[in-house]
Undergrad: 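Below you will find the structure I want to go over with you.
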Amino acid sequence: MTIYQNLIAGEWVGTDATKNINPSDTNEVVGLYANGSAEDTRNAIAAAKAAFPAWSRSGIWERHVILKKTGDEIMARKDELGALLAREEGKTLPEATGEVIRASQIFEFFAGEALRLAGEVIPSVRPNIGIEITREALGVIGIITPWNFPIAIPAWKIAPALAYGNTIVFKPAELVPACSWAIVDILNRAGLPKGVLNLVMGKGSVVGQAMLESPDVHGITFTGSTGTGRRVAAASIEHNRKFQLEMGGKNPMVVLDDADLNVAVEAAANSGFFSTGQRCTASSRLIVTEGIHDKFVAALTEKLKTLVVDNALKAGTHIGPVVDERQLKTDIDYIEIGKKEGAKLAFGGEVISRETPGFYLQPTLFTEATNQMRISREEIFGPVVSVIRAKDYDEALAIANDTPFGLSAGIATTSLKHATHFKRNSEAGMVMVNLPTAGVDFHVPFGGRKGSSYGPREQGKYAAEFYTTVKTAYTLA
Ligand SMILES: NC(=O)C1=CN([C@@H]2O[C@H](COP(=O)(O)OP(=O)(O)OC[C@H]3O[C@@H](n4cnc5c(N)ncnc54)[C@H](OP(=O)(O)O)[C@@H]3O)[C@@H](O)[C@H]2O)C=CC1
Ligand SMILES: O=C(O)CCC(=O)C(=O)O
């Protein structure tokens, strides 16, 4: 089997490789991907440092053309890349193709942003002095990405980093290197100069760690677990380096008595179970007021019975497998914890077999949960959701906000008063009314509060805040 190699200083390198396994069919090896070392990482950082002066001064049209070409090629290959994504991560084919389209749109968006870089000219408080405020590229950016969005998250970090003139060392999650390799290959062929974008696949404890330890990495953008996020933060403070973290969520969806039942059930099923619940924006706490509680639980349970769990590539599959054995064990452990804590298992909870060997788990619904239970406080990152009763809107809002996280939050209601109040008072970075808590637009800010995020927002024009540094220049006229 060919080895998909790392890209360092414009050369494809690496002979040691790791198997990329399909979680829908563990007999299938998606490909062999290079397993980078700490030395590879240091070489990649040196290459990115050497490429920075020229790239940061490159013309914005050159950056625009490369990003646009990349977006165009990703879109032209959406079906092939969608199938690759579904095979390596286990998202259903429609979800995976949708994610590929989103990655293409992100490159197109930042191709445009490269042309819109602007500063300000401001008069000084002193006579005969002019002030210019400009944004400059930050330097070498370390990009560390998780397994649950194998193409969209790399895209929303790589595209702005390049648009604003930075160079990159990119380390994707070891579980899902294929889509990352594909976009780096596309960018490389689109004309990026050597060393501007370096790919080092491999273990977080080796490649990621070497990145954290380097004084030559000027910014790290990270998405993943809270534990690793804290390591990124501690190491970055040590080097006086800018960092941005997107971590977990325990996102609430409030369902009020006056909700449209169908809207509430569709939003809850999507938020909790689509993409196998493996989204940081997934809603795993459904906070439901007394008047609608029983009707809502009955309707959601009926809906869950219709959802097909099977091979991600099979037509008609609604929920693909869990990403790997370790995550499946985590999910099962939490289901046991929920039972022991006294929540009622209303649906699912079983590992199931399908025609192909994979990590299949039924969508699992707990009812009669409290907000103090571990299943309501800790991020599970699987298709496991709890329903918590609330007596009225005020109590539901208090429960929704009673969490260490604050990424997204939703409300299902037909009341303008409650929707407006919830948008203003929810302690989350993203609030949805009558919509799933997951599945966001690509051109607007993404991020949360409290334990979910740290640093400037990602995506949209707000991304400039992280990928640039501001300079204030004074000139005597
Ligand atoms: N907010 C989100 O979007 C996500 C949250 N999670 C949460 O995290 C849990 C575990 O998922 P997991 O993928 O293991 O999350 P991790 O935080 O371990 O992984 C995220 C990225 O960090 C890398 N990494 C791991 N250790 C280090 C290190 N010491 N230094 C630098 N980088 C490192 C990983 O590498 P590698 O994996 O290749 O070793 C991966 O590329 C999930 O169950 C879920 O709760 C997970 C994914 C996304
Ligand atoms: O919900 C989305 O669209 C994005 C979710 C996400 O970024 C994540 O789960 O890491």
Side-chain angles (χ1 to χ4, degrees), residues 18 20 33 35-36 38 41 89 91 95 98-99 102-103 105-106 142-157 169-177 180 200-214 217 220-236 243 245-251 270-272 274-284 322-324 326-331 333-334 378-382 384 405 407-408 410 429-430 432 435-442 444 446-448 451-454 457-459:
T18 303
N20 181 0
Y33 288 85
N35 189 15
T41 314
E89 199 266 351
K91 225 166 251 193
E95 287 173 331
E99 188 184 328
R102 179 166 163 182
Q105 291 165 328
I106 289 165
I143 295 181
I144 304 178
T145 56
W147 48 261
N148 64 330
F149 278 81
I151 197 162
I153 295 181
W156 81 50
K157 293 179 188 297
V169 179
F170 168 37
K171 184 238 155 326
E174 209 194 356
L175 274 180
V176 293
S180 293
V200 193
M201 299 172 287
K203 291 194 172 23
S205 55
V206 177
V207 176
Q209 194 58 36
M211 222 187 252
L212 301 194
E213 285 165 11
S214 172
V217 175
I220 292 192
T221 174
F222 167 85
T223 303
S225 64
T226 307
T228 310
R230 289 206 178 112
R231 296 173 85 112
V232 173
S236 297
F243 61 98
L245 312 174
E246 291 301 341
M247 303 171 289
K250 196 71 197 171
N251 309 298
N270 178 321
S271 303
F274 287 8
S275 301
T276 324
Q278 297 172 154
R279 294 185 283 190
C280 56
T281 44
S283 176
S284 48
V322 172
V323 73
D324 71 348
R326 192 178 67 143
Q327 185 63 47
L328 181 63
K329 182 175 178 321
T330 303
D331 297 349
D333 287 351
Y334 272 108
E378 297 170 18
E379 185 177 53
I380 301 173
F381 225 60
V384 183
F405 297 106
L407 189 57
S408 63
M430 295 173 291
M432 320 292 185
L435 285 167
T437 55
V440 298
D441 279 15
F442 64 86
V444 290
F446 176 90
S452 290
S453 303
Y454 186 92
R457 289 286 184 262
E458 300 201 79
Q459 302 194 65

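Remember, it's a predicted structure, so these values are computed and weren't measured experimentally. If you read the sequence from its start, that first residue is 1, and numbering goes on from there. First listed ligand is number 1; within each ligand, the first listed atom is number 1.
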Undergrad: Please report which non-hydrogen protein atom sits nearest to atom 43 (O) of ligand 1, along with the residue it belongs to and the distance in Å to one decimal place.
TA: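 Ranked first by proximity to atom 43 (O) of ligand 1 is Gln327 OE1, 2.9 Å.
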
Undergrad: Give a yes/no verdict on whether any heavy atom in Phe149 is under 4.0 Å from an atom of ligand 1.
TA: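 For ligand 1, residue contact (heavy atoms, under 4.0 Å) with Phe149 is absent.
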
Undergrad: Who's the nearest protein heavy-atom neighbour of atom 24 (N) of ligand 1, and how far?
TA: Gly204 CA, 3.5 Å

Undergrad: Of all the heavy-atom pairs spanning Ser452 and Gly249, show the shortest one and how long it is.
TA: OG-CA, 4.1 Å

Undergrad: Report yes or no: does Asn251 contribute a side-chain atom to a donor-acceptor pair with the main-chain N or O of Ser408 at less than 3.5 Å?
TA: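 Confirmed, Asn251 side chain pairs with Ser408 backbone.
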
Undergrad: Output the list of atoms in ligand 1 that are nearer than 4.0 Å to some heavy atom of Glu379, sorted by atom number.
TA: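 Counting from 1, the qualifying ligand atoms are 7 (C), 44 (C), 45 (O).
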
Undergrad: Residues two or more places apart in sequence or in another chain: which of them pass side-chain contact (heavy atoms from CB on, under 4.5 Å) with Ser275?
TA: Lys91, Glu95, Arg279

Undergrad: So which atom in Phe381 and which in Asn148 form the shortest heavy-atom distance, rounded to 0.1 Å?
TA: CZ-ND2, 3.3 Å

Undergrad: Looking at ligand 1, would Thr330 count as a contact under a 4.0 Å heavy-atom criterion?
TA: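 Distance cut 4.0 Å: Thr330 fails for ligand 1.
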
Undergrad: Report the distance from atom CD1 of Ile151 to atom OG1 of Thr145, rounding to the nearest 0.5 Å.
TA: 11.0 Å

Undergrad: Quick check on contacts: which atoms of ligand 1 are under 4.0 angstrom from a heavy atom of Pro146?
TA: 47 (C), 48 (C)

Undergrad: Nearest heavy atom to atom 17 (O) of ligand 1: which of Ser225, Gly229, Ala210 does it belong to?
TA: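 Nearest option to atom 17 (O) of ligand 1, by heavy atoms: Ser225.
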
Undergrad: For Leu212, take its heavy atoms, then give the atoms of ligand 1 lying under 4.0 Å from any of them.
TA: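 This gives 30 (N) as the contact atoms.
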
Undergrad: Does any donor atom in the side chain of Ser284 or Lys250 lie under 3.5 Å from an acceptor atom in the other side chain?
TA: yes

Undergrad: Quick test of your reading of the model: are Lys157 and Glu458 salt-bridged, counting only N-O distances below 4.0 Å?
TA: yes

Undergrad: Of the choices Gly224, Gly248, Ser180, Cys280, which has the non-hydrogen atom that lies closest to atom 5 (C) of ligand 1?
TA: Gly224

Undergrad: Of the protein's non-hydrogen atoms, which lies at the shortest distance from atom 4 (C) of ligand 1, and what is that distance?
TA: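 Closest protein heavy atom to atom 4 (C) of ligand 1: Phe381 CZ, 3.5 Å.
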
Undergrad: Are the side chains of Leu212 and Val232 in contact, using a 4.5 Å heavy-atom criterion?
TA: yes

Undergrad: Report yes if some N/O of Thr223 lies less than 3.5 Å from some N/O of ligand 1; otherwise report no.
TA: no

Undergrad: Provide the number and element of each atom of ligand 1 under 4.0 Å from a heavy atom of Trp147.
TA: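 Close to Trp147: 11 (O), 12 (P), 13 (O).
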
Undergrad: Relative to the heavy atoms of Ala173, which atoms of ligand 1 are at a distance of less than 4.0 Å?
TA: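 Here the atoms of ligand 1 in question are 38 (O), 41 (O).
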
Undergrad: Mind checking whether Ser452 has a heavy atom under 4.0 Å from ligand 1?
TA: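 For ligand 1, residue contact (heavy atoms, under 4.0 Å) with Ser452 is absent.
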
Undergrad: Tell me: protein heavy atom nearest atom 40 (C) of ligand 1, and distance?
TA: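 Sorting protein heavy atoms by distance from atom 40 (C) of ligand 1 puts Thr145 O, 3.4 Å first.
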
Undergrad: Mind checking the CE-CD spacing from Met247 to Glu379? Nearest 0.5 Å is all I need.
TA: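 CD of Glu379 is found 10.5 Å from CE of Met247.
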
Undergrad: Report, in ascending order of atom number, the atoms of ligand 1 lying under 4.0 Å from any heavy atom of Arg231.
TA: 29 (N)

Undergrad: For atom 37 (O) of ligand 1, what's the nearest protein heavy-atom neighbour? Residue, atom name and distance, please.
TA: Glu174 N, 4.0 Å

Undergrad: If you measure from each non-hydrogen atom of Gln278 to ligand 1, which part falls under 4.0 Å: side chain, backbone, both or neither?
TA: neither

Undergrad: In chain order, what residues pass the ring pair (Phe, Tyr, Trp, His ring centres under 6.0 Å) check against Phe442, with sequence neighbours excluded?
TA: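 Phe442: no ring pair (Phe, Tyr, Trp, His ring centres under 6.0 Å) contacts found.
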
Undergrad: In the protein, what heavy atom is nearest to atom 23 (C) of ligand 1, and what distance, to one decimal place, separates them?
TA: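 Checking every protein heavy atom, the shortest distance to atom 23 (C) of ligand 1 gives Ile144 CG2, 3.7 Å.
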
Undergrad: Minimum heavy-atom separation for Arg102 to Ala152, with atom names?
TA: NE-CB, 4.3 Å

Undergrad: Before signing off on this row, confirm whether Met247 and ligand 1 have an N or O atom pair separated by under 3.5 Å.
TA: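 It does: an N or O of Met247 is found under 3.5 Å from an N or O of ligand 1.
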
Undergrad: Which heavy atom in Phe446 sits nearest to a heavy atom in Thr281, and how many Å separate them?
TA: CE1-CG2, 3.9 Å

Undergrad: Quick one, Glu246 with Tyr454, criterion side chain to side chain donor-acceptor pair (under 3.5 Å). Give me CA distance, side-chain angles, the key distance, then yes/no.
TA: CA-CA 7 Å; Glu246 291 301 341; Tyr454 186 92; over 6 Å; no

Undergrad: Suppose I only count heavy atoms of Phe222 and a 4.0 Å limit; which atoms of ligand 1 are within that range?
TA: 17 (O), 20 (C), 21 (C), 22 (O)

Undergrad: Within the structure, does Lys203 bring an N/O atom to less than 3.5 angstrom of an N/O atom in ligand 1?
TA: no

Undergrad: Do any N or O atoms from the side chain of Asp324 and from the backbone of Gln327 form a donor-acceptor pair under 3.5 angstrom?
TA: yes

Undergrad: Side chain of Ser271, backbone of Pro436: donor and acceptor closer than 3.5 Å?
TA: no

Undergrad: What is the nearest protein non-hydrogen atom to atom 29 (N) of ligand 1, stated with its residue, atom name and distance?
TA: Gln209 OE1, 3.2 Å

Undergrad: Any protein N or O within less than 3.5 Å of an N or O in ligand 2? List each pair with its distance, or say none.
TA:
unit_1	atom_1	unit_2	atom_2	d
ligand 2	1 (O)	Thr281	OG1	2.5
ligand 2	1 (O)	Gly439	N	2.8
ligand 2	3 (O)	Arg102	NH1	3.0
ligand 2	3 (O)	Arg102	NH2	2.8
ligand 2	3 (O)	Gly439	N	3.2
ligand 2	3 (O)	Val440	N	3.0
ligand 2	9 (O)	Asn148	ND2	2.9
ligand 2	9 (O)	Cys280	N	2.5
ligand 2	10 (O)	Asn148	ND2	3.3

Undergrad: Tell me the closest heavy-atom pair linking Gly224 and Pro146, and the distance in Å.
TA: CA-CB, 4.2 Å

Undergrad: Would the Phe243 and Phe222 ring centres measure less than 6.0 Å apart?
TA: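 Ring centres of Phe222 and Phe243 not closer than 6.0 Å.
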
Undergrad: What closest approach, in Å, do Asn20 and Leu175 show between heavy atoms, and which atom pair accounts for it?
TA: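 Looking at all heavy atoms of both residues, the closest pair is OD1-O, 3.3 Å.
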
Undergrad: For Glu174, give me all partners under salt bridge (charged side-chain N to carboxylate O under 4.0 Å, His left out), at least two apart in sequence or on another chain.
TA: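 Per chain and number, Glu174 pairs via salt bridge (charged side-chain N to carboxylate O under 4.0 Å, His left out) with Lys203.
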
Undergrad: Is Arg326 close enough to touch ligand 1? Criterion: a residue heavy atom under 4.0 Å from a ligand atom.
TA: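 Per 4.0 Å heavy-atom rule, Arg326 contacts ligand 1.
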
Undergrad: Which of the atoms of ligand 1 are close to Lys171, meaning less than 4.0 Å from one of its heavy atoms?
TA: 35 (O), 36 (P), 38 (O), 41 (O)

Undergrad: Counting only non-hydrogen atoms of the protein, does one fall under 4.0 Å from atom 19 (O) of ligand 1?
TA: no

